[in-house]
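Along the sequence shown, residues carry numbers from 1.
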Amino acid sequence: MTYKQIDKKVVKKDAMALLLGRPAYVADITPNEVLVVKILRSPYAHALVKKIDTTIAMKFPGIEAIYTYKDVPHARRFSMAGQTYPEPSPYDHLLLDQRLRYIGDAVAIIAGKNEKIVEQAMKLIKVEYEVLEPVLDFRKALDNPILVHPEDNWESLCPVGANNKRNLCASKKLQDGEVDAVMNDCDIVLERTYHTKSNHQGFMETFQANCEIDCFDRLHVISSTQIVFHARRIIANALNIPKSKVHVEKPRIGGGFGAKQTVVAEIYPAFVTWMTKKPSRIIYSRKECITCGSPRHEMEITVKIGAMKDGTIRAIDMYALSNTGAYGEHGPTTVELSGHKSLPLYTNHLEAFRFNYDVVYTNTQNAGAYRGYGAPQGIFAMESIVNELAEDLHIDPVTLRERNMVKEGQIMRAYYNEVASACALDRCMQRAKKMFDWDTKSPVRLQPNGKIRAGGIAMAMQGSCISAIDVGSATLKLQDSGYYTLLLGSADMGTGSDTILAQIAAETLNCDLDMINVFSADTDISPYDSGSYASSTTYITGKAVEMASQKLIVQLCKLGAAIQNCEEKDVEFIGTGVRNKITGAFLSLEDLGTKSMCFNDIEMQVTCTNTSPISPPPYMVGMVEIELDPGTGVVEILDYVAVVDCGTVINQSLATVQTEGGITQGIGMALCENVTYSQTGKINENSLMNYKMPTRLDIKNIRVAFESSYEPSGPYGAKSIGEVVINTPSPALAHAIYKITHTWFRELPITPEKISMSMKEK
């Protein structure tokens, strides 16, 4: 199908403004005369505040307020996770708590005239701690006598198998078919355990928020957030005030990758402003972002797989142990994706599967949402054991996958029994194999300089929303100028979603993209949207935009018929306006907009809301060629081929950079990004100097292609792309490294030190 605005390389609508450095982000638009808010943080992984004295600090010139656990609401705990109510994540937070649960937990809120004053006053606060023994090893947390959340007012609103008196944030057992019986009938059974570490999202703009009291005596919060509507609820819960008293909006966001799906920082200036009635702001340092943020969940996943000698995979058994850290943000939901977004890849001959998991509390930094949301952990384990199976059976891993991969039209029992209604995974594999030249680049090849080359493979899937939960809405109106205004509740995090949604509107309205002005996201003005997460924006909100555009066309024709005093069936919408099919009379969009303002009862503004009972997966195949230095263990990535099925591609440029960026983050997860703790629970990698992320210099060549399917429930056949692209690098790189080192690295990251030591041992 030929489109005018879709499947094109379109520049982001805000690109020039951002390139020119025009005020766009929270820090740009925050007034200078505001209270600066900072947090005094716990030096201990587990402690009680026995005494806290702020008397001297309060006398420091320029200090406005200091709050401790004695000053904040205690009526009910709340969750900081940006999820649809009732949140699956437990209500385990207070604004400030007497019990401190990790190094960096909030002890006091300090607000003053400027940053220097606040930092000096912070040093004058005297705290006496009762230091308690922490539980730091997540393998030992379940049913440990040391409880992270012993309090009686801890709540779990949803039946997720949680029990705070067992350090259990969530637990579930799921089985389909006779797993053990099928395993016993297989020719080969492998069982392996894989360990993925916590990862920081690496967004450029740190957590920040600006608060004020508006002229209606309401709390107005301007925040770098992905979830304005959820943030409103969380802030109201934290302050114990009505949601009607909270107004949240976001300007441009300097990256989120899921981190800003948690209300990490907003509650602190919100409380200061609500109490003092003065404007305030908080800007997290990079150290705070890394040590007091919401990184990826550490997981240990054990996979057992049963197959026949010809490579037919018949049964899979998976157990995931997830570390949610000190609080349960996204703990019950991320772990589900580790199984539900990896097991269904092998639907073709699968007779039985089992997926069990436990999510535990520890006295470490609480985890949260990060691109992929549990799927990268599960796919690393699943794709790695499939590569191990291929090696043991002496079957080419491409051939093995082609024999077992999910095909279009199949029921994916491990994916909530959804049908793979649009699936081009087989075509992705064929194209990747050809683009990459798999038969040539896959084998181990010694180079003249002593370095060694080899290739690795993985495939992946994700989702396009949270099925039967996510809601997206769009309001579209015709202005008297003849231009359109599109109001959205979704958040463009730099991904270009505002542009993509405008493209969908322009395609439907048969107009130029410049005729669509976009405004998002403001809880007072925007129609409700769950938020920008779970890869849902294009699929869910995009469909709402398409529906609203179609609905507005009906209204335009109705108005055109009324003006011309004819039947609606006699007029047609032709993009630039409405034409009378009989007389040829024409009314331009500007004519219609102007006429609608006088003696008119036909709406020129429509709102449509969309949800979906299904979440059609995007699919991807990734192949990587590496060159490894056996002397140093250093891995150089020479070529990465990615072929993605995201349904209809809305914007070729943005889809490509999304893929390139996700692959780069996945490479970081695989090779260098690491969070380690001292014996006392302190994070060792607390800055971008020692938390190593890949840069452009580390990534030689990423080649992206698309094999499009058509998803009927998506806008113009589109599915998601934002998260699936991060999933393949870890298993593909582990595969390539194995070929050279003859060692399966089952714990990430695979650092040069680990590789070098392994090769010396060999």
Side-chain angles (χ1 to χ4, degrees), residues 39-52 67-81 86-108 127-172 234 237-238 240 262 267 292 294 297-298 321-333 335 357-368 677 679-683:
I39 308 300
L40 174 65
R41 299 190 178 277
S42 171
Y44 302 107
H46 197 192
L48 293 175
V49 178
K50 289 186 69 176
K51 294 180 182 178
I52 184 165
Y67 302 105
T68 72
Y69 74 91
K70 299 176 184 178
D71 306 309
V72 301
H74 290 81
R76 189 184 186 190
R77 292 182 180 267
F78 59 92
S79 171
M80 301 248 271
E87 303 96 320
S89 298
Y91 276 31
D92 53 12
H93 269 280
L94 292 175
L95 256 167
L96 298 168
D97 204 336
Q98 186 176 11
R99 181 179 294 270
L100 307 170
R101 296 175 173 84
Y102 72 100
I103 292 178
D105 210 350
V107 177
V127 187
E128 182 182 339
Y129 298 97
E130 180 185 343
V131 181
L132 305 173
E133 184 181 354
V135 53
L136 300 175
D137 187 343
F138 74 119
R139 300 177 186 89
K140 300 177 181 177
L142 186 60
D143 294 323
N144 195 298
I146 301 168
L147 294 181
V148 180
H149 283 276
E151 62 271 9
D152 292 331
N153 63 344
W154 176 96
E155 288 184 77
S156 180
L157 275 64
C158 295
V160 294
N163 185 342
N164 62 314
K165 299 303 171 70
R166 298 184 62 203
N167 283 335
L168 195 59
C169 179
S171 181
K172 190 174 183 178
I234 294 166
N237 287 347
N240 195 27
T262 300
I267 57 174
C292 312
S294 56
H297 288 74
E298 177 184 20
L321 178 65
S322 178
N323 181 11
T324 194
Y327 298 95
E329 273 89 68
H330 303 278
T333 40
V335 72
Y357 61 76
D358 291 310
V359 184
V360 293
Y361 284 113
T362 60
N363 292 115
T364 60
Q365 177 184 198
N366 48 287
Y677 285 86
Q679 291 184 344
T680 60
K682 184 177 182 180
I683 292 177

Note to self: Would you say that Val335 contacts His297 through its side chain, given a criterion of any heavy-atom pair below 4.5 Å between the two side chains?
What the structure shows: no
Margin query: Could you check whether atom NZ of Lys165 has more than 12 heavy atoms from other residues, nucleotides or ligands sitting under 6.0 Å from it?
Written below: yes
Checklist line | Residue pair Ala75 / Asn240: nearest heavy atoms and the distance that separates them | finding: CB-ND2, 4.2 Å
Margin query: Looking at every heavy atom in both Glu87 and Cys158, which two are closest together, and how far apart are they?
Written below: O-SG, 3.7 Å
Checklist line | Nearest heavy-atom neighbours spanning His74 and Val72 | finding: ND1-O, 2.7 Å
Notebook entry, point to check: Rounded to the nearest 0.5 Å, how far apart are SG of Cys292 and CD1 of Ile39?
Noted result: 9.5 Å
Checklist line | Heavy-atom closest contact (Pro134 atom, Ala45 atom, distance) | finding: CB-CB, 3.8 Å
Note to self: Walk me through whether Arg99 and Asp97 qualify under salt bridge (Lys or Arg N to Asp or Glu O under 4.0 Å).
What the structure shows: CA-CA 5 Å; Arg99 181 179 294 270; Asp97 204 336; over 6 Å; no
Checklist line | Smallest separation among heavy atoms of Val107 and Leu100, with atom names | finding: CG2-CD1, 3.7 Å
Item checked: Euclidean distance, Leu142 CG relative to Asp358 CG, rounded to 0.5 Å -> 5.5 Å
Check: Hey, what do you get for CD (Glu133) to CG (Asn363), rounding to the nearest 0.5 Å?
Finding: 9.5 Å
Check: Is the closest side-chain heavy-atom distance between Glu329 and Asp92 below 4.5 Å?
Finding: yes
Next item on the list: Kindly compute the distance separating OG1 (Thr362) from CG (Asp137), expressed to the nearest 0.5 Å.
Entry: 9.0 Å
Notebook entry, point to check: Hey, does Pro73 have a side-chain heavy atom less than 4.5 Å from the side chain of Leu95?
Noted result: yes
Next item on the list: Rounded to the nearest 0.5 Å, what's the gap from CG on Asn237 to CD1 on Ile267? Could you check?
Entry: 11.0 Å
Item checked: Side chain Asp105, main chain Ser42, donor-acceptor under 3.5 Å -> no
Item checked: Distance-minimising heavy-atom pair for Trp154 and Ala162 -> CH2-CB, 3.5 Å
Next item on the list: Inspect the contact between Asp143 and Arg166 and indicate whether a charged nitrogen and a carboxylate oxygen are less than 4.0 angstrom apart.
Entry: yes
Next item on the list: List the steps, then state whether side chain to side chain contact (heavy atoms under 4.5 Å, CB included) holds for Val127 with Leu40.
Entry: CA-CA 10 Å; Val127 187; Leu40 174 65; 4.0 Å; yes
Next item on the list: Would you mind reporting whether Ser79 and Pro90 have side-chain heavy atoms less than 4.5 Å apart?
Entry: no
Next item on the list: Assess whether atom OH of Tyr67 is packed by more than 12 heavy atoms of other residues, nucleotides or ligands within 6.0 Å.
Entry: yes
Notebook entry, point to check: Out of curiosity, Asn366 CG to Tyr361 OH, how far, rounded to the nearest 0.5 Å?
Noted result: 10.0 Å
Notebook entry, point to check: With side chains defined as the heavy atoms from C-beta onward, is the minimum distance between Tyr677 and Leu136 less than 4.5 Å?
Noted result: no
Item checked: Candidate pair Asn164 and Leu147, rule side chain to side chain contact (heavy atoms under 4.5 Å, CB included), full reasoning -> CA-CA 8 Å; Asn164 62 314; Leu147 294 181; over 6 Å; no
Item checked: Side-chain heavy atoms of Leu94 within contact of Tyr69, under 4.5 Å -> no
Check: With the threshold set at 4.0 Å, does a side-chain nitrogen-carboxylate oxygen contact exist between Arg101 and Glu151?
Finding: yes
Checklist line | Whether His149 and Tyr327 hold their rings parallel, tilted or perpendicular, with breakpoints at 30° and 60° | finding: perpendicular
